[in-house]
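Here's the structure we're looking at; comments come further down.
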Amino acid sequence: MDKSQILAKFSSEPDRYYKVALFENEGFKRKSCSKCRRYFWTLDDSRAVCPDHLENSYSFIGDPPTKKRFDYTQAWKEVESFFVNNGHKSVSRYPVVCRWRDDLYFTIASIVDFQRVMGSKVVFEFPANPLVVPQTCLRFKDIENVGVTGRHFSSFCMIGQHSIPNSQGYWKDRCVELDFRMLTEKFGINKEEIVFVEDVWAGGGSFGSSLEYFVRGLELGNAVFTEFQGELENYSVLDQKIIDMGAGLERFAWITMGTPTAYDCCFGPITKHMIEKIGIDTDSDTISRYFRAIAKTLSESNDLSIARKNAALLAGIDSTKMDKMISPLEGIYLIADHLRTLVFAISDGALPSNVGGGYNLRMILRRTLATIDRFGWNFDLDDLIDLHIDYLKSTYHELEGTRNDVKTIIGIEKERYKESRIRMTNISNTLRTQNKKLSVDDLIRLYESDGITPDFLKETQIISEIPSTFYEKLSDLHQSEKAEKTIQLNLDGIPDTVLSYYKEDPHEFEAKVLKVLNGKYVVLDKTSFYPRGGGQEPDHGKIGNYDVMDVSKHGNVVVHETKGGAPQEGEVVRCKIDEARRYGITRHHTSTHVVNASARNTLGSWIWQHSAFKEQNYARLDITHHSNLTEEEITKIEDFANLSIRKDIPILINEFDRGDAEQKYGFRIYQGGVVPVKMVRIVNIDGLDVEACGGTHVRKTGELGLIKITKSERIQDGVVRLEFVSGEAAIKYTQSQDKKISQIVKSLGSSKEKVLESFEHVVRDGEDAKKRIKQIIKRTSESSAKSAISQAKNLGNVKLFSIIEEELDDEYHIAVGEQAVSLDKSLIYCALIVKNGAIRIVAFCGTDAVKTKKAGDLVRDVSKVLGGSGGGKDTFGQGGGKDILKIKDALVAAEQSILGK
RNA sequence: GGGCUGGUAGUUCAGCGGUAGAAUACCCGCCUUGCACGCGGGGGGUCUGGGGUUCAAAUCCCCACCAGUCCA
């Protein structure tokens, strides 16, 4: 839907869409910008342009329009107390890793906290109404701007003011009134300074009007009134209207402090710490002038380097000062920003990697490290992390708990970065020695496969210029589409299946057949058959006389797939589920929760379930972890899991309202991904693990008996797969392992106690023997060569030594043959070696003999007789064939070939 | 989630169907009384693993594993 069309429509009826009570009461005037025609509301009679076209924009830098000064932390306290005093509930921030939405990696706006996807629809669930939340949001779109523009962040705090207009919540009038009062009462901003601009918002099938509020050209917030759905020509009012007011906390702090950039007042003591450590000159007048200027030049040009140049010109800063003052400052801001983003993301369980959202995190960490390197600074990242967390923890106490984990992960990533720098240098050195001209394709391959940018190659003078077609060609490469296919069954009009596996769960029951599709898909009125889902494999068993092969859930209807026919529709059938299978799957499912918790407890807070699979005889669990697991780590996890079994912990299963569960247990409950239902089933292994899970579980952990991890592998960067068995399957597994060892013991002729020693012995013997053979060949090759010469047969100008070898191998004859022809230049050495039911030919010709016959030709002739082929150089040839019966003929053929017959 | 690249001596890599190589490190000797220098000699490899094609595979094809990288 075209936003400008909606705006045109809404602005044509301002009384209906934009005029709130506040405008009436305070006497706001509606004006149209003399430059861009946009409509805005103001109390200042002299104002003729919208905030985008203001001449003195960003004049708050060095001259804040507020009576009070609040830094980042204080600014939130002020905002929070204002809204709480006005009937709002203050809600803690949600994780920046957006676990409750499949379509987002990170939380990008405060409203996302309360959006839940149900099928194709987005619904809103508010833990309170109205509410306010300090939501940390991550955005990587404008990453180039961070540190440079003075106002862009990779993560920022969005003050979310949200309300549903009902008996508790409010609608437009009160919203705008509150925002206005917050600015004037709390921050002491002059009424005349505040401008509201008419705008619209549209997305996800709904839309509505919005009012952005500005002070001195800086957008502080945007109140969106989501009100309609459908098309502009034909729309209806939503049954769930929402106020989504989002304001940047960083900007609130900035406008009250009037610092040169928003960074100066939002990272607490960290920027000051860095500036002091490197000792640069920070003349605040010059800096203020510069950042006021760049706000202006950026609105004129999107190109960052041009905007920078123009800003320097406008502020009267020469290039030396840019290099000595502005550039290092930009670097410091970038480091502070990126590191804060990493603190939040890693605390919330995200890991830097080369896939998924982790890629963005690796990118920003490497940008940080590269910046430190570029300036040759000596910052301790751990110190900077401490400074961030110390400053943030009064608002976000949870960060304290992951302080060390954040340091661990960043430390590991830093090492990886160092290694990759070394790799890059190695590759570029190799390229330099090769001195080959690199094509654009070469450059693209180097960039995509090895991460070596053309800029780096230019810097190290491997190439002189970056080809103009490089970026063009690069972007062409990344156009791919994906198709998805699911089998659709027509289940219209079939009532929801009664799910008895969540209730009394009878393993034998009678049910009525409601529908049979395609002769094998059976729908019953009720069922105990557990369908495939959440990584749990389905139950098998019998419906009437038919075997059940698969069970799946489509909406609220359970479909059973039978083999060899199906019962009649309308028939009442006796059903029986395979109990052994069910119990095996159940134990493996509970084990998965136990293993997950064990991994988290032994490895670190970054461990989350990535995906899982459970069947009767084994289970696997993919967890998010930075490195391959060591044997010790696996043992630790196993020990922890089995200790939990011995504790015989009860497993409590209860239904909760989704919002209540999130508030009570946090987002750790979403290990298995998003739960698309209003009521969630919480599986609580008391004191160990709490998850929202629809699977079947045992009553106490003691029932699991034993958990044995059978395998671990890294399936992709940041994800480790654990395979394990529990219960009966675990016993069977250890038994079968033991049997294998017995067999090895038997064939080694050893005992179980000494099996390892015997094995090592055998391996060492083999290695020693091989070395010995090499030495023997070396020492005896000369005398063997001499004996070959003496046995050789005269054939005209040359001598021929030929042999059929059935014991020694080609390696031996290559060594001896080479010796022999170097001792006697007229010798031809030809060995036919029988090996694995085939024949290999090795032939040498001395430098004199070559005049009569070339080794390559000889081999070609002989191998033809053996039904094979071969070739080689003048002095040395190899070949072979498979026709072992012709081996004598081959000897004759060799003679004839030499004699030229 | 979609791609790409690589895996050969302790290390860094070359070789890209025909006898597994270089540099460096290591060991021994000489020169030089020390150091990172020079000379000579030596040890060190199931070419990641498994299949296939071929007379012949480090080399070509397929699969797995390990590592690195780019993009959405």
Side-chain angles (χ1 to χ4, degrees), chain A residues 102-105 140-141 353-360 362-363 366 416-417 419-427 429-431 433-434 441-453 471 474-484 610-611 627-628 711-719 721 763 766-767 770-771 774-775 777-778 781 809-819 821-822 829 831-844 855-856 859-884 886 890:
Chain A
D102 273 338
D103 52 339
L104 290 174
Y105 281 115
F140 298 101
K141 273 258 181 297
S353 79
N354 60 12
V355 285
Y359 179 68
N360 292 309
R362 181 166 282 171
M363 262 359 279
R366 293 195 173 184
R416 296 212 167 126
Y417 169 75
E419 277 165 33
S420 98
R421 289 291 299 192
I422 292 170
R423 254 173 57 83
M424 278 169 74
T425 323
N426 282 342
I427 293 175
N429 285 342
T430 308
L431 288 173
T433 54
Q434 281 175 347
D441 285 340
D442 289 335
L443 293 179
I444 286 183
R445 190 181 48 73
L446 279 167
Y447 176 56
E448 294 213 301
S449 313
D450 297 304
I452 297 174
T453 59
Y471 288 102
L474 193 63
S475 62
D476 286 349
L477 281 173
H478 298 288
Q479 322 261 349
S480 65
E481 283 175 36
K482 56 177 174 183
E484 219 174 277
H610 181 263
S611 59
S627 309
N628 236 331
K711 192 181 173 190
S712 107
E713 59 176 326
R714 206 155 88 121
I715 57 167
Q716 60 167 242
D717 197 6
V719 182
R721 170 164 297 171
V763 170
E767 280 169 3
K770 225 162 49 192
K771 277 185 194 165
K774 252 187 167 170
Q775 286 298 326
I777 291 175
K778 211 168 170 185
S781 63
D809 62 1
D810 40 353
E811 213 174 314
Y812 170 81
H813 285 285
I814 286 169
V816 174
E818 196 173 15
Q819 275 268 354
V821 296
S822 75
Y829 185 102
L832 303 177
I833 303 137
V834 181
K835 194 177 172 185
N836 303 334
I839 301 151
R840 274 194 55 67
I841 306 161
V842 171
F844 284 94
V859 167
R860 204 165 295 126
D861 289 344
V862 178
S863 40
K864 204 176 282 170
V865 176
L866 295 166
S869 66
K873 298 179 293 186
D874 291 0
T875 55
F876 177 63
Q878 291 177 85
K882 286 177 171 166
D883 203 345
I884 204 155
K886 297 245 174 82

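What's counted below: heavy atoms across the whole structure, side chains too, no hydrogens, waters or symmetry copies.
With sequence neighbours excluded, the residues forming a salt bridge (Lys or Arg N to Asp or Glu O under 4.0 Å) with A:Arg416 are A:Glu413, listed by chain and number. Here A:Asp861 pairs with A:Lys853 under the salt bridge (Lys or Arg N to Asp or Glu O under 4.0 Å) rule; sequence neighbours left out. Taking A:Tyr105 as the reference, nothing meets the ring pair (Phe, Tyr, Trp, His ring centres under 6.0 Å) condition, with sequence neighbours excluded. Checked against salt bridge (Lys or Arg N to Asp or Glu O under 4.0 Å), A:Glu713 has the following partners two or more places apart in sequence or in another chain: A:Lys711.
Closest to the A:Ser420 side chain, of the nucleotides B:rA67, B:rU5, B:rU69, is B:rU69. Distances were taken from every side-chain heavy atom of A:Arg840 (C-beta onward) to each of B:rU19, B:rC70, B:rA56; the shortest belongs to B:rA56. Listed nucleotides B:rC55, B:rU19, B:rG2 differ in distance to A:Lys882; the shortest reach to its side chain belongs to B:rC55. Of all nucleotides listed (B:rC66, B:rG1, B:rU5), B:rU5 comes nearest to the side chain of A:Arg445. Listed nucleotides B:rC4, B:rC55, B:rU19 differ in distance to A:Ser869; the shortest reach to its side chain belongs to B:rC55. The side chain of A:Gln716 lies closest to B:rG1 when the candidates are B:rU5, B:rG1, B:rC65. Ranking B:rC66, B:rC13, B:rA72 by closeness to the A:Asn426 side chain, first place goes to B:rC13.
Between A:Gly872 and A:Gly868, the residue whose closest nucleotide on RNA chain B is further toward the 5' end is A:Gly872. Comparing A:Gly877 and A:His610 along RNA chain B, the residue whose closest nucleotide (by nearest heavy atom) sits nearer the 5' end is A:His610.
Whole-Å rounding puts the A:Met424 CE to B:rA67 P distance at 21 Å. In this entry the distance linking NE2 of A:His813 with P of B:rG18 reads 23 Å, nearest Å. B:rC4 atom C1' lies 12 Å from atom CG of A:Asn354, rounded to whole Å. Atom CG in A:Asp441 sits roughly 14 Å away from atom P in B:rC4 (whole-Å rounding).
A side-chain donor-acceptor contact under 3.5 Å links A:Asp717 to the backbone of A:Asn354.
Remark: the separation of the C1' atoms in B:rU12 and B:rG17 is 26 Å, to the nearest Å. With C1' as the reference atom, B:rC4 and B:rC27 are 43 Å apart, rounded to whole Å. Only the C1' atoms considered, B:rG50 is 27 Å distant from B:rG2, to the nearest whole Å. Separating the C1' atom of B:rA58 from that of B:rG18 is a span of 13 Å, rounded to the nearest Å. Distance noted for atom P between B:rA20 and B:rA9: 16 Å (whole Å). Taking the C1' atom of each, B:rG40 and B:rC47 are spaced 30 Å apart, rounded to whole Å. Between B:rG7 and B:rU32, the distance separating the two P atoms is 45 Å to the nearest Å. One P atom belongs to B:rC28, the other to B:rG43, and the distance between them is 15 Å to the nearest Å.
A close approach under 4.0 Å does occur between a side-chain nitrogen or oxygen of A:Asn628 and OP1 or OP2 of B:rA67. Between A:Arg714 and B:rG68, a side-chain N or O to OP1/OP2 separation shorter than 4.0 Å is present.
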Every protein N/O within reach of nucleotides 43-50 of chain B N/O, cut-off under 3.5 Å:
{"unit_1": "B:rG43", "atom_1": "OP1", "unit_2": "A:Lys778", "atom_2": "NZ", "d": "3.3"}

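With hydrogens and angles ignored, no donor-acceptor pair closer than 3.5 Å exists between the side chain of A:Glu448 and the base of B:rU69.
If you check every strand for non-hydrogen atoms under 4.0 Å, A:Gly880 touches a base. Here A:Ser863 lies out of heavy-atom contact (under 4.0 Å) with every strand. Contact annotation for A:Val355: base contact, defined as any heavy-atom pair under 4.0 Å involving a base atom. In this structure, A:Glu713 reaches the sugar-phosphate backbone alone: every heavy-atom distance under 4.0 Å involves primed, P, OP1 or OP2 atoms, never a base.
Residue A:Gln716 places its CD atom among more than 12 non-hydrogen atoms of other residues, nucleotides or ligands, all under 6.0 Å distant.
Remark: RNA chain B takes part in the stems B:1-7 with B:65-71, B:10-13 with B:21-24, B:26-30 with B:38-42, B:48-52 with B:60-64, each of 3 or more antiparallel Watson-Crick or G-U pairs, criterion distances under 3.5 Å.
Side-chain contact between A:Gln878 and A:Val859: absent, with no pair of heavy atoms (C-beta onward) separated by less than 4.5 Å.
Taking the six-membered ring where tryptophan is involved, the planes of A:Tyr829 and A:Phe844 are perpendicular, since the angle between them exceeds 60° and thus also 30°.
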